[in-house]
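For reference, the structure is listed below as C-alpha cells.
Values reported hereafter were calculated over all heavy atoms of this structure, with side chains retained and with hydrogens, waters and symmetry mates removed. Keep in mind it's a predicted model, so treat the numbers as computed, not measured. First the proteins, then the strands, lettered A, B, ... as listed; each starts at 1.
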2 protein chains.
Amino acid sequence: MTYTIGEFSRLINLSIHTLRYYEQQELITPQRLKNGRRCYSESDLTWIQFIRRLKDTGMPIKEIQKYAKMRAVGDATLVDRMELLIKHRQILSREIMNLQEHQVNLDNKIDYYKTAITERIEDN
Amino acid sequence: MTYTIGEFSRLINLSIHTLRYYEQQELITPQRLKNGRRCYSESDLTWIQFIRRLKDTGMPIKEIQKYAKMRAVGDATLVDRMELLIKHRQILSREIMNLQEHQVNLDNKIDYYKTAITERIEDN
DNA sequence: ACTTGACCTCGAGTCAGCTCGAGATTGTAT
DNA sequence: ATACAATCTCGAGCTGACTCGAGGTCAAGT
C-alpha cells in the first residue's frame, strides 16, 4: 500500500508543506512515481511516526537528520544509531526530572496564592 | 542590596542582551539610577528566577508577559494569576506524561537495537 | 478540447526568541 | 586630563522550524 502526499499528510496530520520541508531536510525520502510525484510507503509511515516522537521529545531537526542519514547507510551504523538514542534518552530523562521539579515549585506557588486569596477574603 | 546589569547577568546566567530584551518585552522592570542605568533588586532576582522556571516549562514569553502585567497591577489580580498558573500546571503535567510515554518508546527502540546488534555479532 | 484538482519546484515570508553592533555616555583608575 | 570599562538606545541580523504563494505539470472527468 502506498500513499500520495495528500493522503499521507492527512494520515499523519502534518501539512503537505511540512512533509516537503522534512524531505528537503533529508529526514524522509519517499519514492517517486515516473511523473515525479511522491509516493509514501508503509515504512515511511512508521518512520515518520518515529521522527515525530523524536521531535516531540525536543530533538532538533539537525540531529534527526544525522540519524536518518545513518539509517540510510544501513546496518553498519546500528551501533552509532543506538548510541545517539541512548544519549537522547539521557537528555530526555534529565528534562523530565527538571519538569517534575518545576511542577512541585508551581504547586507551591499555587498554594501560596490560595492562602493569599483566602486571607484577602477574610479581611473584607 | 542592588545589582548593575552586569552583576545581575552573571548572577542569573542570562546575557545582558537577553535581560534588556526581557525588559523590552515587559517581563521585568528594574529601577533606574539618575544616570539612567538599570538597578536590579533582590526582588527582581526572585522574580526572574520564577520567570526562568516558567520559560523552562515551555511558557511562551507572551504568556509570561500577561502574568507580569497582572503582577504589576497588584492584589486585585491574584485570582487571575492563580488561574493562569493552574492552567499552566495542567499543560505541564500533560507534557510530562507525554515525555514519559516517549521515554518508554525510546527504551523499546534501544532494546531493539541491542538485540539487532547482538545478532549481527553472532552472525560474524 | 478544456476545466479541475492534486501535485511539482523554488524562493520568499513569518514568528519566536534571542544576539549583535554602532555610536553615545558615564564612572573609576592612572 | 585621559584612557578604559561598563553602560545606554536603537535597529538590524540570526536560527530554527515551518508556512506560503507564484507559476507550471499532469491525469481524469465532462
Subject >> Single hit among B:His88, B:Met59, B:Arg52 for side chain to side chain contact (heavy atoms under 4.5 Å, CB included) with B:Ile64 >> reply: B:Met59

Original post:
Would you say the side-chain atoms of B:Ser43 and B:Thr46 include a donor-acceptor pair closer than 3.5 Å?
Top reply: no

Original post:
Starting at CD1 of A:Ile16 and ending at P of C:dT9, how long is that distance when rounded to a whole Å?
Top reply: 12 Å

Original post:
Which residues, if any, of residues 44-57 of chain B bring a heavy atom under 4.0 Å of DNA chain C?
Top reply: B:Lys55

Original post:
Which whole-number value in Å describes the distance from B:Arg38 CZ to C:dG27 C1'?
Top reply: 17 Å

**OP:** Round to the nearest Å and state the distance from B:Phe8 atom CZ to D:dA6 atom C1'.
**Re:** 17 Å

Original post:
Over how many whole Å does the gap from B:Glu63 atom CD to C:dA16 atom P extend?
Top reply: 13 Å

Original post:
For the pair made of NE2 in B:His17 and P in D:dC14, what is the distance, rounded to whole Å?
Top reply: 15 Å

Original post:
Taking NZ from B:Lys62 and P from C:dC18, how many angstroms apart are they, rounded to a whole number?
Top reply: 13 Å

**OP:** Please report, rounded to the nearest Å, how far the C1' atom of C:dT9 is from the CD1 atom of A:Ile5.
**Re:** 12 Å

**OP:** Using a strict 4.0 Å threshold on nitrogen-to-oxygen distance, state whether A:Lys66 and A:Glu63 make a salt bridge.
**Re:** yes

Original post:
Charged N to carboxylate O under 4.0 angstrom, A:Arg32 versus A:Glu23?
Top reply: yes

Original post:
Would you say B:Thr4 reaches D:dT7's phosphate, i.e. side-chain N/O to OP1/OP2 under 4.0 Å?
Top reply: yes

Subject >> Side chains of B:Leu14 and B:Phe8 in contact at under 4.5 Å (non-hydrogen atoms) >> reply: no

Original post:
Atom OH of A:Tyr3 to atom C1' of C:dC7: distance rounded to whole Å?
Top reply: 19 Å

Subject >> Distance-only donor-acceptor check, side chains A:Asp44 and A:Ser41, under 3.5 Å >> reply: yes

**OP:** Determine yes or no for a side-chain-to-main-chain donor-acceptor pair under 3.5 angstrom, with B:Thr118 supplying the side chain and B:Lys114 the backbone.
**Re:** yes

Original post:
Which ones in residues 18-37 of chain A lie close to DNA chain C, meaning a heavy atom under 4.0 Å from one of its atoms?
Top reply: A:Arg20, A:Arg32, A:Gly36, A:Arg37

Original post:
Going by atom types only, do B:Tyr40 and B:Gln31 share a side-chain donor-acceptor pair under 3.5 Å?
Top reply: no

Subject >> Pairs where residues 98-119 of chain A contributes a residue and the test ring-ring contact (aromatic ring centres under 6.0 Å, His included) is met, not counting sequence neighbours >> reply: none

